[in-house]
Amino acid sequence: MRKLLLFDIDGTLVRGGPAKESFQLAMVETFGTAGSIEVHDFSGKTDPQIARELLHNAGLSDLEIDRGFPVLWERYLSELECRLIHTPMYTLPSVTDLLSVLGALEDVALGLVTGNIARGARLKLRSVGLEGYFPVGGYGSDHEFRNHLPGIAMQRARDTWGVDFSAGDAVILGDTPRDVECGRVEGIRTVAVATGNFGVEDLEAAGADHTFSDFTDTDRVLEVILD
């Protein structure tokens, strides 16, 4: 193994699905409110961070929030799993082609850096047949703040493959300025794709090393991330 590629999920690999609806229902069932969820900015944040921000704004204390989190996540995952059967995620352009090529390369390891809690990530990817590509990851259930997740994912990759991956061996691929930031904090090269809520200019301004409108030029994407 010589290269570790760490992908975001929502807006990078997939879109759609029932996650927001499932999250809102679980919040109301657990805390009696989902706060201002309809107008809240989710982009690039972890699930726990989003929930805490919404609940703070609704007047709940950290103690109340922390006490409710275990129940919240169980309810959310239950809702998500049931609803994905009828409303699965959909893969973004050329994602399956890109992962098929990368997954066949013996010197490339694939992982995740995502704000989703771990089981939520697996459920989303499973709904579109992508779960098997990613043996390791750093998840919102590991830490509430995204900037801590690349280090967690890299350590899991070292443990899994027995390779001492350094920041210079890794690439983070995501669709938000926060994906770019978490890579830059760790000194990891970042590739940003404008298939989420941010355009190429936004991602360039955030400091991405490379930007793409989408992954349809698979040969060029491979050239950049495997460089």
Side-chain angles (χ1 to χ4, degrees), residues 1 3-23 26 42 44-48 50 72-143 146 149-163 165 170-176 179 182 191 193 195-196 214-216 218 221-222 225-226:
M1 294 289 181
K3 187 73 69 175
L4 174 63
L5 307 179
L6 299 170
F7 284 81
D8 173 56
I9 295 180
D10 298 286
T12 302
L13 298 175
V14 300
R15 293 202 75 165
K20 186 172 182 179
E21 178 185 6
S22 302
F23 189 69
F42 280 47
K45 298 177 182 178
T46 69
D47 288 348
I50 294 165
L72 172 66
W73 304 129
E74 285 304 313
R75 286 175 171 166
Y76 165 62
L77 291 168
S78 178
E79 293 284 355
L80 181 64
E81 186 168 20
C82 290
R83 293 169 189 277
L84 278 169
I85 295 170
H86 304 290
T87 314
M89 314 294 290
Y90 63 87
T91 55
L92 285 158
S94 297
V95 162
T96 302
D97 293 340
L98 178 63
L99 293 179
S100 294
V101 173
L102 293 172
L105 298 177
E106 293 183 0
D107 59 348
V108 172
L110 300 181
L112 299 167
V113 167
T114 174
N116 286 278
I117 59 174
R119 190 174 156 208
R122 290 193 292 271
L123 288 172
K124 288 182 178 183
L125 292 175
R126 186 185 305 163
S127 78
V128 290
L130 298 182
E131 183 188 13
Y133 285 105
F134 304 102
V136 302
Y139 304 94
S141 44
D142 294 316
H143 201 286
R146 193 181 198 96
L149 302 185
I152 293 170
M154 290 184 67
Q155 186 56 55
R156 286 183 175 146
R158 295 182 188 112
D159 294 341
T160 297
W161 285 288
V163 175
F165 292 110
V171 181
I172 285 182
L173 300 96
D175 66 290
T176 77
D179 295 300
C182 79
V191 172
V193 59
T195 44
D214 54 36
F215 287 138
T216 53
T218 304
V221 174
L222 288 167
I225 62 180
L226 298 178

Considering only heavy atoms from C-beta outward, does the side chain of Leu13 approach that of Asp8 to under 4.5 Å? no

Can any side-chain N or O of Ser94 pair as donor or acceptor with the backbone N or O of Thr218 at less than 3.5 Å? no

Indicate the ring-plane relationship of Phe215 and Phe7, choosing parallel, tilted or perpendicular according to the 30° and 60° boundaries. perpendicular

Evaluate the side-chain proximity of Tyr139 to Leu149: yes if any heavy-atom separation is below 4.5 Å, no if none is. no

Identify the two heavy atoms, one from Val14 and one from Met89, that lie closest to each other, and give their separation to 0.1 Å. CG2-CE, 3.6 Å

So, do Trp161 and Val136 sit near enough that their side-chain heavy atoms are less than 4.5 Å apart? yes

Does Leu130 reach the side chain of Val95, with side-chain heavy atoms less than 4.5 Å apart? yes

Qualifying residue, where the test is side-chain contact (heavy atoms from CB on, under 4.5 Å) with Phe134 and the options are Leu99, Ile9, Leu5: Leu99

Check whether any side-chain heavy atom of Ile225 sits under 4.5 Å from a side-chain heavy atom of Lys3, and report yes or no. no

Quickly, which of Arg15, Lys45, Lys124 forms a salt bridge (Lys or Arg N to Asp or Glu O under 4.0 Å) with Asp10? Name it, please. Lys124

Between Leu222 and Leu102, is any pair of side-chain heavy atoms under 4.5 Å apart? yes

Could you check whether any side-chain heavy atom of Cys182 comes within less than 4.5 Å of a side-chain heavy atom of Ile172, counting everything from C-beta outward? yes

At their closest point, which heavy atom of Ala153 faces which heavy atom of Gly138, and how far apart are they? CB-N, 3.5 Å

For Leu105 and Val101 the tightest heavy-atom approach is CG-O, 3.4 Å

Is there a donor-acceptor pair closer than 3.5 Å between any side-chain N or O of Ser78 and the backbone N or O of Glu74? no

For Tyr76 and Ala19, work out which heavy atoms get closest and say how close. CE1-O, 3.6 Å

Using modelled atom types and a 3.5 Å cut-off, is there a donor and acceptor pairing between side-chain atoms of Arg146 and backbone atoms of Val113? yes

When rounded to the nearest 0.5 Å, the distance separating CZ of Arg83 from CG of Leu123 is 14.0 Å

Checking Asp179 against Thr176: is there a side-chain donor and acceptor pair closer than 3.5 Å? yes

The reported gap from CG in Leu6 to OG1 in Thr114 (rounded to nearest 0.5 angstrom) is 11.5 Å

What pair of heavy atoms forms the shortest contact from Gly115 to Pro48, and how long is it? O-CD, 4.4 Å

Distance, nearest 0.5 Å, that separates SG of Cys82 from CG of Leu80: 9.0 Å

What distance do Asn116 atom CG and Leu125 atom CG have between them, rounded to the nearest 0.5 Å? 8.0 Å

Decide yes or no for Leu4 and Met154: does some side-chain heavy atom of the first lie under 4.5 Å from some side-chain heavy atom of the second? yes

How about Thr195 and Asp175: does a side-chain donor come under 3.5 Å of a side-chain acceptor? no

Closest non-hydrogen atoms of Gly137 and Ile152, given as atom of the first, atom of the second and distance, are O-CG2, 4.4 Å

Taking the side chain from Asp47 and the backbone from Gly140, do they hold a donor-acceptor pair closer than 3.5 Å? no

